[in-house]
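One structure is given below, encoded as structure tokens.
Keep in mind that the numbers below use all heavy atoms, side chains included, and drop hydrogens, waters and symmetry copies. Heads up: numbering here begins at 1 and tracks the sequence.
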Amino acid sequence: MPIRQLPEHLVNQIAAGEVVERPASVVKELVENSLDAGAGRVRVEVEQGGMRRIRISDDGAGIPADELRLALGTHATSKISCLDDLEGVASLGFRGEALPSIASVARLRLASRIETADSGYEVEAEGGRIGQPRPAGMSTGTVVEVRDLFYNTPARRKFLRTEKTEFGHIDELIRRVALANMGVAFELHHNGRAVRRLPPADGDAGVLRRVADVCGDAFVDEALRLESEHAGLQLAGWIARPSFSRSQADLQFFFVNGRLVRDRLVAHAIRQAYRDVLFHGRHPAFVLMLGLDPRRVDVNVHPQKSEVRFRDGRLVHDFLFSTINRALADTRPGHSPTAPAPLPAAASFAGPASSGGYGSQAGLGLGVADSVARYAQLGRTGQAVPAATDDLPPLGFALAQVHGVYVLAENAQGLVLVDMHAAHERIVYERLKSTWAEDRVRSQRLLVPEKLAVSHREARALEQHADALERLGFELDLAGPEAVMVRAVPGLLARADSLGLVRDVLSDLVELGDSARVESAIDDLLSTMACHGSVRANRRLTIDEMNALLRDMERTERSDQCNHGRPTWVELDMKSLDRMFLRGQ
């Protein structure tokens with residue numbers, strides 16, 4: 001077949017195949033245009049899930065009348081003008097192909113008015129033909145109306161789902177956009193009925209209200225606030241406590257300079273940060289905003305701009321991991337995860353640590369004479385723990401043991417119930433991790449070296465990261481272009497599947513440039529050791545041992561949950577107790 005130039009209308013329809021996947025794709029492109037125009041209010045109206053009609057209106061800057069037809073032209077935009085603008089894109093949309101692509105597969109009406117104009121103007125487009133602008137009465141801003149999506153491409157229309165499904169995608173989109181634009185009001189209407197009204201967030205209370213409207217009150221109740229800055233990177237937002245884990249990754253929102261993205265590097269960093277505190281198969285919930293210089297991120301790697309590429313990927317990964325890991329490590333009784341805090345007040349009650357091992361069943365290993373004496377003094381006076389006492393530790397003092405499983409304690413707020421096995425498991429695990437820190441890089445040579453077949457990419461990764469692999473405890477030699485000799489592995493993992501571990505590490509190095517497989521495997525082993533070495537159910541503890549356990553929890557990182565993500569303690573304050581017994585009613 002001879003080479004020939006494609007007609008403009010067919011070019012737009014091909015572009016529409018990349019940009020316009022379903023009605024939600026249309027809403028995304030148009031709402032992003034509204035936000036780029038500085039809108040403070042965006043109203044979205046859809047009929048039949050967006051298949052029949054989509055109308056989006058805003059109060060943004062508007063489009064001059066003489067530029068309306070140009071706005072519907074191919075690759076026409078006001079957002080970039082030179083290569084420097086393209087290398088540092090600061091707007092949500094910039095390619096200039098969305099409006100003509102939509103107009104090529106639907107009937108489109110574009111109306112707009114700038115602030116200095118006496119009236120607005122509108123223009124219509126259908127089947128690649130653009131009409132002439134004509135006056136239209138309207139306030140400042142822009143209105144885009146899209147009817148009969150895919151009316152001229154019936155094959156594409158057959159791929160659309162039910163009305164309910166398509167509207168669900170639009171609703172999800174508005175929720176995500178609303179999280180990234182707290183100061184903008186959003187309205188969503190379906191078939192003439194208001195489905196979602198989100199007023200602009202004003203102050204901290206308004207921001208939390210917006211997050212609750214999108215993610216639910218339960219997420220806000222379990223959320224930890226994050227704010228961190230390093231090397232030109234700013235991270236802010238909320239991560240849910242491990243006890244709020246999900247069976248699906250349905251509450252994960254990550255924004256880069258206000259743009260919602262899904263990135264493997266980001267997902268890996270967050271997954272690694274939650275590694276120690278989640279059940280297998282569970283997913284964390286988070287709303288995170290990453291800000292950085294637009295020149296340090298390429299947003300032009302995907303037609304729908306849902307993926308990005310970082311110039312300093314390793315720096316971004318480590319920054320995300322360390323920030324989230326630190327916040328999760330600070331989840332322990334009496335400690336605020338949002339800011340550095342001194343040692344809990346419990347430190348003034350506990351004596352010096354004894355030399356007893358935590359894996360021993362003989363005792364919990366902390367001297368608690370001071371705390372027991374304090375508790376005994378309160379007991380002799382026949383008084384409860386004063387609610388206003390400032391020097392009481394966060395978990396208070398032990399009262400009793402319930403069925404050999406739970407420790408019942410009293411603190412300044414009310415009652416505390418502790419799962420003694422789960423709590424002690426976390427304490428032992430953190431101790432073991434600290435104790436074995438040096439042994440993580442100690443190698444053990446194999447009696448008989450083993451040969452492993454690898455790909456060319458994995459062989460190159462081995463050469464590039466030889467020093468890092470040696471620090472992890474591996475001794476690997478290339479035995480050809482597609483073979484590796486495994487001569488030594490980390491000492492703690494000598495009995496593990498060494499070939500499988502090497503293969504996984506090399507795969508991570510190829511895809512991500514780094515690997516945490518060794519640390520993860522060692523942590524899994526230490527977690528198992530901690531589980532077997534912690535106190536068991538139905539074992540009776542003395543008051544001394546129970547108080548020692550409470551004091552250790554207050555000093556141990558991540559002690560709000562066990563190694564598997566289960567909560568270790570709950571608190572019933574006096575208001576909750578009064579409500580249970582109908583006091584004051």
### Query
How about Leu288 and Leu290: do any of their side-chain heavy atoms sit closer than 4.5 Å?
no

### Task
Report the distance from atom CD1 of Ile56 to atom CG of Leu30, rounding to the nearest 0.5 Å.
4.5 Å

### Message
For a side-chain contact (heavy atoms from CB on, under 4.5 Å) check, start with the C-alpha distance between Val266 and Val261, then their side-chain angles and the critical distance, and finish with the verdict.
### Response
CA-CA 9 Å; Val266 169; Val261 300; 5.7 Å; no

## Note on the structure
Nearest heavy-atom approach of Arg566 to Ala422 is NH2-CB, 3.7 Å

### Query
Are Pro284 and Phe244 close enough that some pair of their side-chain heavy atoms sits under 4.5 Å apart?
no

### Message
Could you check whether any side-chain N or O of Asn181 sits under 3.5 Å from a backbone N or O of Val177, counting only pairs where one atom can act as donor and the other as acceptor?
### Response
yes

### Query
What residues, two or more places apart in sequence or in another chain, satisfy side chain to side chain donor-acceptor pair (under 3.5 Å) together with Glu172?
Arg175, Arg176

### Query
Step by step, would you call Arg445 with Glu475 a salt bridge (Lys or Arg N to Asp or Glu O under 4.0 Å)?
CA-CA 8 Å; Arg445 296 186 65 84; Glu475 186 178 331; 2.5 Å; yes

### Query
Closest heavy-atom contact between Phe253 and Cys215?
CE1-SG, 3.8 Å

### Message
Just to verify, what does Glu166 make a side chain to side chain donor-acceptor pair (under 3.5 Å) with, not counting sequence neighbours?
### Response
Arg22

#### Entry: Nearest-0.5 Å distance that lies between atom OG1 in Thr556 and atom CE in Met553
8.5 Å

#### Entry: Euclidean distance, Leu208 CG relative to Trp238 CH2, rounded to 0.5 Å
6.5 Å

### Query
Which heavy atom in Ile324 sits nearest to a heavy atom in Ala273, and how many Å separate them?
CG2-CB, 3.6 Å

### Message
Among Val277, Leu224, Asp221, Leu328, which residue satisfies the side-chain contact (heavy atoms from CB on, under 4.5 Å) criterion with Arg241?
### Response
Leu224

#### Entry: By side-chain contact (heavy atoms from CB on, under 4.5 Å) - contacts of Ser322 (at least two apart)
none

### Message
Any non-hydrogen side-chain atom of Val20 less than 4.5 Å from a side-chain atom of Leu149?
### Response
yes

### Message
If the condition is side chain to side chain donor-acceptor pair (under 3.5 Å), which residues does Asp250 pass it with, not counting sequence neighbours?
### Response
Arg246

### Query
Residues two or more places apart in sequence or in another chain: which of them pass salt bridge (Lys or Arg N to Asp or Glu O under 4.0 Å) with Glu557?
Arg326

#### Entry: Non-hydrogen atoms of Leu226 and Ala327 that approach each other most closely
CD2-CB, 3.3 Å

Throw together a table of side-chain donor-acceptor distances under 3.5 angstrom for residues 449-456, partners on residues two or more places apart or in other chains.
unit_1	atom_1	unit_2	atom_2	d
Ser455	OG	Glu458	N	3.2
His456	NE2	Glu482	OE2	3.0

### Query
Can you name the side chain to side chain donor-acceptor pair (under 3.5 Å) partners of Asp298, sequence neighbours left out?
none

### Donor-acceptor contact below 3.5 Å, side chain Asp36 vs main chain Ser91
no

### Summary
Arg503 meets the salt bridge (Lys or Arg N to Asp or Glu O under 4.0 Å) criterion, sequence neighbours left out, with none

### Task
Not counting sequence neighbours, which residues clear salt bridge (Lys or Arg N to Asp or Glu O under 4.0 Å) with Arg558? List them please.
Glu430

### Query
Does the side chain of Ser104 pick up a donor-acceptor pair with the side chain of Ser101 at under 3.5 Å?
no

### Task
Ignoring hydrogens and angles, tell me if any N or O in the side chain of Thr323 forms a donor-acceptor pair with the backbone of Phe319 under 3.5 Å.
yes

### Task
Determine the interplanar angle of the Phe254 and Phe286 rings, folded into 0 to 90°, and report it as parallel if under 30°, tilted if 30 to 60°, perpendicular if over 60°.
perpendicular

## Note on the structure
Rounding to 0.5 Å, atoms CD (Gln5) and CD1 (Ile3) come to a distance of 11.0 Å

#### Entry: Rounded distance [0.5 Å steps], CG in Leu235 versus NE2 in His230
12.5 Å

### Task
Any side-chain hydrogen bond (donor to acceptor under 3.5 Å, both in side chains) involving residues 282-292? Give me the pairs, sequence neighbours left out, ordered by first then second residue.
Ser245-Arg282

## Note on the structure
In terms of heavy-atom contacts, Leu99 and Ala71 come closest through CD1-O, 3.6 Å

### Message
So Arg309 and Val299, do their side chains get closer than 4.5 Å, heavy atoms only?
### Response
no

### Query
Ile239 and Glu222: side-chain contact (heavy atoms from CB on, under 4.5 Å), yes or no, with the steps?
CA-CA 8 Å; Ile239 59 172; Glu222 296 293 332; over 6 Å; no

#### Entry: Contact check, side chains of Asp276 and Tyr429, non-hydrogen atoms, under 4.5 Å
yes

### Side chain proximity check, Val316 to Asp263, heavy atoms < 4.5 angstrom
no

### Task
List the steps, then state whether side-chain contact (heavy atoms from CB on, under 4.5 Å) holds for Phe150 with Phe159.
CA-CA 10 Å; Phe150 300 136; Phe159 282 91; over 6 Å; no

### Heavy-atom donor-acceptor pair, Thr568 side chain to Ser559 backbone, under 3.5 Å
yes

### Query
Run the side-chain contact (heavy atoms from CB on, under 4.5 Å) check on Leu292 and Gln234 step by step: do they pass?
CA-CA 7 Å; Leu292 72 166; Gln234 301 91 35; 5.6 Å; no

### Message
Going by salt bridge (charged side-chain N to carboxylate O under 4.0 Å, His left out), name the pairs with one or both residues in residues 284-294, residues two or more places apart or in two chains.
### Response
Asp293-Arg295

### Derivation of the side chain to side chain donor-acceptor pair (under 3.5 Å) call for Thr331 and Gln561
CA-CA 8 Å; Thr331 54; Gln561 58 278 318; 3.3 Å; yes

### Message
I'd like to check Phe310 versus Val256 (side-chain heavy atoms, cut-off strictly below 4.5 Å). Are they in contact?
### Response
yes

### Query
Does a donor on one side chain and an acceptor on the other come within less than 3.5 Å for Arg314 and His317?
yes

### Task
Supply the atom-to-atom distance Leu315 CG to Arg296 CZ, rounded to the nearest 0.5 angstrom.
6.0 Å

### Task
Return the minimal non-hydrogen interatomic distance between Ser25 and Glu21, and the atom names on each side.
OG-N, 3.2 Å

### Query
With sequence neighbours left out, what residues match Arg157 under salt bridge (Lys or Arg N to Asp or Glu O under 4.0 Å)?
none

### Message
Do Trp569 and Asp419 make a side-chain contact, defined as non-hydrogen atoms from C-beta onward lying under 4.5 Å apart?
### Response
no

### Task
Without swapping roles, check the side chain of Arg426 against the backbone of Cys562 for a donor-acceptor pair under 3.5 Å.
yes

### Query
Is the shortest side-chain N to carboxylate O distance from Arg225 to Glu227 below 4.0 Å?
yes

